[in-house]
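Structure first, then comments.
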Amino acid sequence: MASRFNALKADTHWQQVWDESQTFAARDDSPKPRSYVLEMFPYPSGKIHMGHVRNYTMGDVLARFRRMTGHEVLHPMGWDAFGMPAENAAMEKKVHPGEWTRQNIAAMKAQLRRLGFALDWSRELATCDPSYYGHEQALFLDFYRAGLVYRKESAVNWDPVDMTVLANEQVIDGRGWRSGALVEKRKLSQWFLRITRFADELLDGLGSLEHWPDKVRLMQENWIGKSQGLQFRFRLSDGDSVEVFTTRPDTIFGASFVAVAADHPIAQALAARDPAAAAFIERCKQGGTTAAELETQEKLGYDTGLTAAHPLGAGDLPVYIANFVLMEYGTGAVFGVPAHDQRDFEFASKYALPIRRVVADGERTDPAFDGAEAYTGPGTLVNSHFLDGLAVEEAKRVVIERAEREGWGQGSTVYRLRDWGVSRQRYWGTPIPIIHCGACGEVAVPREQLPVALPEDVSFDVPGNPLERHPTWKHVHCPQCGGAALRDTDTLDTFADSSWYFIRFASQPEDRPFDREQAERWLPVGQYIGGVEHAILHLLYARFWTRALRHVGLIDLAEPFTGLFTQGMVTHETYKAADGRWLAPEEIGDGVELATGAPVTVGRVEKMSKSKKNTVDPAPIVDQYGADAVRWFMLSDSPPERDLEWSENGIEGAWRFVQRLWRLFDALGEGGAPGEGADAALDRKLHQTIAGVAADVEALSFNKAVAKLYELVNAIEKAAPSAARDAAVRTLAQLVAPMVPHIAEEAWALLGGAGLVADAPWPIVDTALLVEDEVTVAIQVNGKLRDTLTLPKGLARDEVEAAVLANDKVARLLAGRAPRKVIVVPDRLVNVVA
RNA sequence: GCGGACGUGGCGGAAUCGGUAGACGCUGGGGACUUAAAAUCCUCUGCCAUCGGCGUGCGGGUUCGAGUCCCGCCGUCCGCACCA
């Protein structure tokens with residue numbers, strides 16, 4: 001009697017079997033080819049969300065598939081466990097961040113296990129564990145000794161809500177990436193990692209990352225922002241000088257002013273003695289930084305009264321303080337060429353400065369420039385003395401050569417990328433292992449004193465850094481002179497923690513961060529999967545960290561992740577009350593809000609978020625439908641790089657499919673009379689599916705693999721009993737095993753498979769069966785499909801042509817005329833041109 | 001503003017090299033089974049229509065043949081942004 005598949009029972013059973021037999025533990029000494037499959041580790045917020053389920057399901061399918069194709073797979077999981085939410089919880093709920101974090105980890109680990117992921121839990125790590133961050137401190141000190149870490153007083157991005165410093169990468173539209181608070185500028189002494197030292201390498205390295213999305217490579221390229229040009233000094237009328245950088249040295253004879261940033265030393269010096277200048281500088285700082293504000297903001301300047309001598313003798317230029325010049329980029333000063341730069345054009349128009357054409361714009365070569373906007377395109381230099389007649393690129397080179405020969409400037413490369421500020425005024429992070437001694441200065445904590453562990457007895461009653469307030473922790477003896485000294489009370493940006501966890505997964509000795517040889521055997525990560533929101537921050541920092549490790553001789557590895565896949569989000573419908581409040585599905589009934597009876601509007605499909613009340617908690621869904629149905633749904637329909645809309649119908653459909661599979665397995669397992677005889681068509685379909693699913697999974701095109709499996713199941717269900725059909729059902733258990741592993745194990749056991757299907761090999765394709773012996777040829781007349789014809793494969797051209805011309809519909813359309821031309825595409829199509 | 005991606009039925013999507021557009025799933029219609037319902041199974045489901053015609057955002061082009069290539073638009077989404 002046919003039974004229904006009991007997902008909950010099967011899930012529990014097989015998860016326990018895998019666990020007990022250590023099925024997914026990666027063996028370091030395996031002779032098999034290695035495959036490192038990694039998904040971005042989660043922050044332990046307390047609950048798994050649908051985005052995690054989708055991310056980890058994709059990685060899991062690949063990991064399981066790779067095992068079946070004979071690889072030794074490393075597929076680990078851990079916890080990105082430091083960070084602000086734990087401190088917020090400490091403040092709100094009066095629990096210690098560590099306790100809160102560890103409880104969350106336990107809860108989320110149980111949820112991940114419930115989904116049956118093929119993870120090697122023996123390598124689990126949490127970044128908040130001293131056995132992890134202690135090694136990170138050692139690496140930090142290695143970088144420190146190699147000159148990759150330095151401390152400087154600098155204007156930093158201060159988040160007034162989180163009360164901490166943010167890296168440039170963490171400021172979005174002038175607001176903190178976490179808090180959303182308007183970021184302020186503050187002067188603080190901060191630790192920096194010298195990422196700019198690797199700017200060129202990080203840029204060039206992108207070229208080797210063929211298996212990264214172009215989009216991410218481009219984003220990193222833009223972020224690094226390499227520009228080449230000329231750097232030179234203007235002599236000023238007060239005897240001082242100002243250095244500028246330009247990417248357009250060719251337009252040097254079109255210069256009509258020099259402008260410096262509001263916080264440029266020249267502007268600051270002037271402000272000290274000129275109240276009007278000081279007032280102007282103050283005004284510049286008030287300008288907003290959002291896109292809309294910048295768009296409409298007027299170009300403003302303050303005439304310093306100084307003049308700058310043109311290096312090629314083309315007169316003296318006025319020097320302004322201008323609100324559009326950034327101190328952080330280049331030298332914080334520019335020369336303005338209004339005819340060929342839009343900002344300079346607007347500025348010159350406002351202050352009635354000369355606008356001189358030096359690049360011919362089509363016909364126009366005269367100096368009088370009367371366009372409505374600057375001309376920034378290519379052209380030939382005019383009104384530029386020795387540059388006249390040269391093309392823009394040529395002229396750039398000539399000017400740089402001359403500047404270098406005459407000694408007033410040099411070719412130079414400028415990057416948008418800034419060094420990575422890593423100091424955070426927070427408790428729940430990796431303590432920076434440096435001691436400040438009045439006599440010795442900065443002193444590295446000796447290796448034998450690592451880890452510098454966080455004190456447990458801290459309070460979060462007042463905002464700010466508890467380490468700063470702790471009565472004893474920061475008071476230490478200087479490791480060098482033994483005198484009284486202070487610990488650095490800052491902790492590392494948590495992006496440092498996630499910059500090397502993938503190496504620690506590969507090798508976890510107790511006494512050092514990793515074993516070089518063992519790490520090099522597993523790395524680089526062949527396939528890394530995560531959200532596109534990490535396209536810059538995490539992925540750039542991890543690439544830097546890896547290069548820094550190589551620089552200090554700890555590993556021979558340039559790029560940490562050779563394959564990257566950025567998956568789409570999980571979305572859901574939203575609902576809004578009449579007054580615009582977001583409503584959760586359970587607040588709604590029959591198109592009205594239950595509480596008020598007012599009608600509800602269905603909003604856009606959006607990323608699941610608490611604020612929009614459109615989240616779906618995976619936990620009850622897994623309990624209701626079983627892990628396999630949830631996994632199958634996560635892989636169906638939407639291409640993995642695109643958004644997936646969660647829907648009740650979708651999960652129902654997935655559950656139906658699991659039951660359909662079970663009916664096939666169960667019917668065969670029941671043992672009735674075995675099928676007899678062949679079924680060539682089904683054999684062919686089976687082998688096409690084996691090959692097709694393998695290719696799709698390898699390409700991470702899970703939605704296509706799913707579609708192919710549906711086709712196969714449809715074909716098996718329709719097929720008459722035969723030995724071939726029985727064989728197809730057995731093979732089906734292997735084919736679905738990476739996606740729906742629990743029912744696959746159940747079927748494998750039922751049908752008498754040896755061992756676990758998780759350890760079974762991927763079925764071998766009979767390539768002879770991939771080729772059809774008959775083909776359906778399309779018949780077109782003048783490019784329009786008129787009929788199809790089934791012919792033996794490989795039939796000679798003239799025979800195909802004859803068969804087509806004998807076709808009724810073709811004959812009718814030709815109406816007795818001879819065709820002008822007949823195009824024959826073998827085994828595909830014939831086009832009769834009348 | 002700069003850079004990028006995308007645009008195919010009611011919906012998610014497929015079409016690997018320029019060669020039968022709409023696989024597969026969802027939704028919906030009809031039917032079988034059932035006292036009834038659920039479940040399951042069968043069947044239809046791009047649009048208009050009588051032959052047949054029209055269809056891959058819009059307008060052109062190349063080609064025997066275009067969702068796919070080229071030119072020009074429109075729209076949506078994402079990233080960056082006063083970067084000299």
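Model, not experiment: these values are computed from the prediction. Just so it is clear, the values below take in all heavy atoms, side chains as well, and ignore hydrogens, waters and symmetry mates. Proteins get letters first, then strands, A, B, ... in listed order; numbering begins at 1 in each.
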Report summary line: Once base and sugar-phosphate atoms are separated, protein heavy atoms under 4.0 Å mark nucleotides 64-69 of chain B, 5' to 3', with B, S and - as BS----
Query - Close residues, residues 688-709 of chain A, relative to RNA chain B [heavy-atom separation under 4.0 Å] - result: A:N703, A:K704, A:A707
Query raised in the report: For B:rC11, does either OP1 or OP2 sit under 4.0 Å from a side-chain N or O belonging to A:S647?
Result: no
Query raised in the report: Below 4.0 angstrom from OP1 or OP2 of B:rC26, is there any side-chain N or O of A:R656?
Result: yes
**Report entry** Side-chain N,O (A:Y329) to OP1/OP2 (B:rA84) below 4.0 Å
**Finding:** yes
Query - Phosphate-side-chain proximity, A:R663 and B:rC41, N/O vs OP1/OP2 below 4.0 Å - result: yes
Report task. May I ask you to test the A:F369-A:F345 pair for a side-chain heavy-atom distance under 4.5 Å? Result -> yes
Query raised in the report: Do A:N714 and A:R660 have side-chain N/O donor and acceptor atoms under 3.5 Å apart?
Result: yes
Any protein N or O atoms within reach of nucleotides 45-52 of chain B? Criterion: under 3.5 Å, listing atom names and distances.
none

Using a cut-off of under 3.5 Å, enumerate the N/O to N/O pairs linking the protein to nucleotides 3-10 of chain B.
none

Report, one line per pair, each donor and acceptor closer than 3.5 Å where one atom sits in a side chain of residues 564-572 of chain A; sequence neighbours left out.
unit_1, atom_1, unit_2, atom_2, d
A:T571, OG1, A:L644, O, 3.3
A:H572, ND1, A:W646, O, 3.3

Query raised in the report: In which stems does RNA chain B show up, taking only runs of three or more Watson-Crick or G-U wobble pairs whose two distances fall under 3.5 Å?
Result: B:1-7 with B:74-80, B:10-12 with B:24-26, B:28-32 with B:40-44, B:46-48 with B:52-54, B:57-61 with B:69-73
